[in-house]
Amino acid sequence: MTAQRLITARPVTDVPPVIEEQLEADERIALKAEITRLMAAQDAILLAHYYTSADLQDLAVATGGCVSDSLEMARFGHAAQARTLIVAGVRFMGETAKILNPEKRVLMPELGAECSLDLSCPADDFAAFCDQHPDRTVVVYANTSAAVKARADWMVTSSIAVPVVKHLAERGEKILWAPDRYLGDYVQKTTGANMILWQGSCVVHEKFKAEGIRDLKREHPEAAVLVHPESPAEVIALADVVGSTTQLINAVRDLAQPTFIVATDNGIFHKMREAAPGKTLLEAPTGGRGATCVSCAHCPWMAMNGLRTLKRVLETGANEIHVDPGIGAQAQRSIKRMLDFAAEQKLAVRGRSGD
Ligand code: 13P
Ligand code: SF4
C-alpha cells in the first residue's frame, strides 16, 4: 500500500503593505469626471466591493453600478445591459464576474489584487486533496480561483454557507470544505455536518483579537459586536451578530444599539455610516495589548484599487480578465447550483446597491 501524500494549505507569507491612494480634492473631481466620460463611451458599469475606497464606492453608485458583496457584484453585472464590467475588488471577484458573464468584457483596475484564501489553495493541490476524499461533496467558498470552483460541487458565499451545508448534511452527505478554516469551523459547529477543512485563512480577519474586543466592550458596554465569520473562533464567540458583509451592514441599520464593535475590513464603514448615520462604529482591535497595528483591519489587495488605476485601464483596455472557457463552464455549474438553491429557499444572497 502506498502512503498518501500530505496535502496542506500553501502558506501565504508575501503579503503586500496596505497602500491607499492619496488624492487632492481637485484631482479626485477631475478623475471621477474623466472616468465617468470613458465609462459612458465604452458602455461600462462599475461593480465595487464594500472593502474598496469610498471614492470607488461613490463612483459606482453615481454611475449606476453597484456596491455589494462578491456574489451580488457578479449577479448585478449579469443582469446589466452594459458590454463592459469593471470589477473593483480582488481577482476572484473579477473571475466570478467573467464566469457568470462570459460574453462580456471584464476589466479590473489591478490584476495583482489577490486574496490570501485564494492563494492558499492552488488548483493542483486542491484537486489531489479532493481525489483523496472521493466520498465527500466538495463545497468551496467564493474566495477561490476559477479552477478550484471548477473542481467543486458547490460554491457558497458567507451569507449562504450555513444553509447549503445544513441542506447537504440533512441529505447524509459528508463535506470537503475549502479554503477558509475559520469559516469552515463556524459552519461545522453551526450545522453539525461531517466536514474536513482546507487550512487557509484571511490575513485580515485572522488578526482580530478576542482580548482586545473584550477590553473595548468593557469601555463600551452598550456596544453590539459584529463579526465576519472569516475570524477566529474565539472572536466569533464574542459576537452578537455573525454574518457576511451585507448582513453586518443590515445589523448596524436594524439593531437598537447605538454603538458597534466591527470585526471586518474597515472599508465597510463607508456603507455602514450611510445606513445608520447617527451610530458609533468602532474598529475591533487587530493587535494584542500594547501592540502596534498589524493588518490595520484593511485588506492590502483591496487597497490596490484606485481612481488612477481605473482611469488607466479604461484608457488602455489593460487588465482584462480571461477564464479558460472549459474551466469557466465547469465553474459556472457550482456557482449556479448555489444561485438555484438560494432562489428555491428564497434566501437573500444579495448585497446592497446604491441604497
Ligand atoms: P463577501 O463576498 O461576503 O463580501 O466577502 C468577501 C471577502 O473577501 C470577505 O473578506
Ligand atoms: Fe481575501 Fe481577506 Fe482580502 Fe477578503 S479581506 S479579499 S478574504 S484577503
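Both ligands and their constituent atoms are indexed starting at 1 by order of listing. Residue numbers start at 1 and run along the sequence shown.
Put simply, the side chain of Asn319 gets close to the backbone of Met108: a donor and an acceptor are under 3.5 Å apart. Side-chain atoms of Asp58 do not come within 3.5 Å of backbone N or O of Asp55 as any donor-acceptor pair.
Of the options Glu20, Glu27, Glu110, a salt bridge (Lys or Arg N to Asp or Glu O under 4.0 Å) to Arg308 is made by Glu27 and by none of the others.
Across Leu56 and Gly306, no two heavy atoms sit closer than the pair CD1-N, 3.9 Å.
Judged purely by distance below 3.5 Å, without hydrogens or angles, the side chains of His205 and Thr264 pair a donor atom with an acceptor atom. Thr246 and Tyr50 form a side-chain donor-acceptor contact under 3.5 Å, judged by distance and modelled atom types alone.
Under the rule for a side chain to side chain contact (heavy atoms under 4.5 Å, CB included), the partners of His322 that lie at least two apart in sequence or sit in another chain are Glu320. Annotation: side chain to side chain contact (heavy atoms under 4.5 Å, CB included) contacts of Thr191 (sequence neighbours excluded): Val162, Val165, Lys166, Val187, Ala193.
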Requested in this report: Step by step, work out the ring-ring contact (aromatic ring centres under 6.0 Å, His included) result for Phe341 and His167.
Outcome: CA-CA 10 Å; Phe341 176 84; His167 165 76; 5.0 Å; yes
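Distances shorter than 2.8 Å separate atom 3 (Fe) of ligand 2 from the protein N/O/S atoms Cys299 SG.
Contacts of ligand 1 (protein heavy-atom distance under 4.0 Å) are His49, Tyr51, Asp69, Ser70, Asn143, Ser158, His205, His228, Glu230, Thr245.
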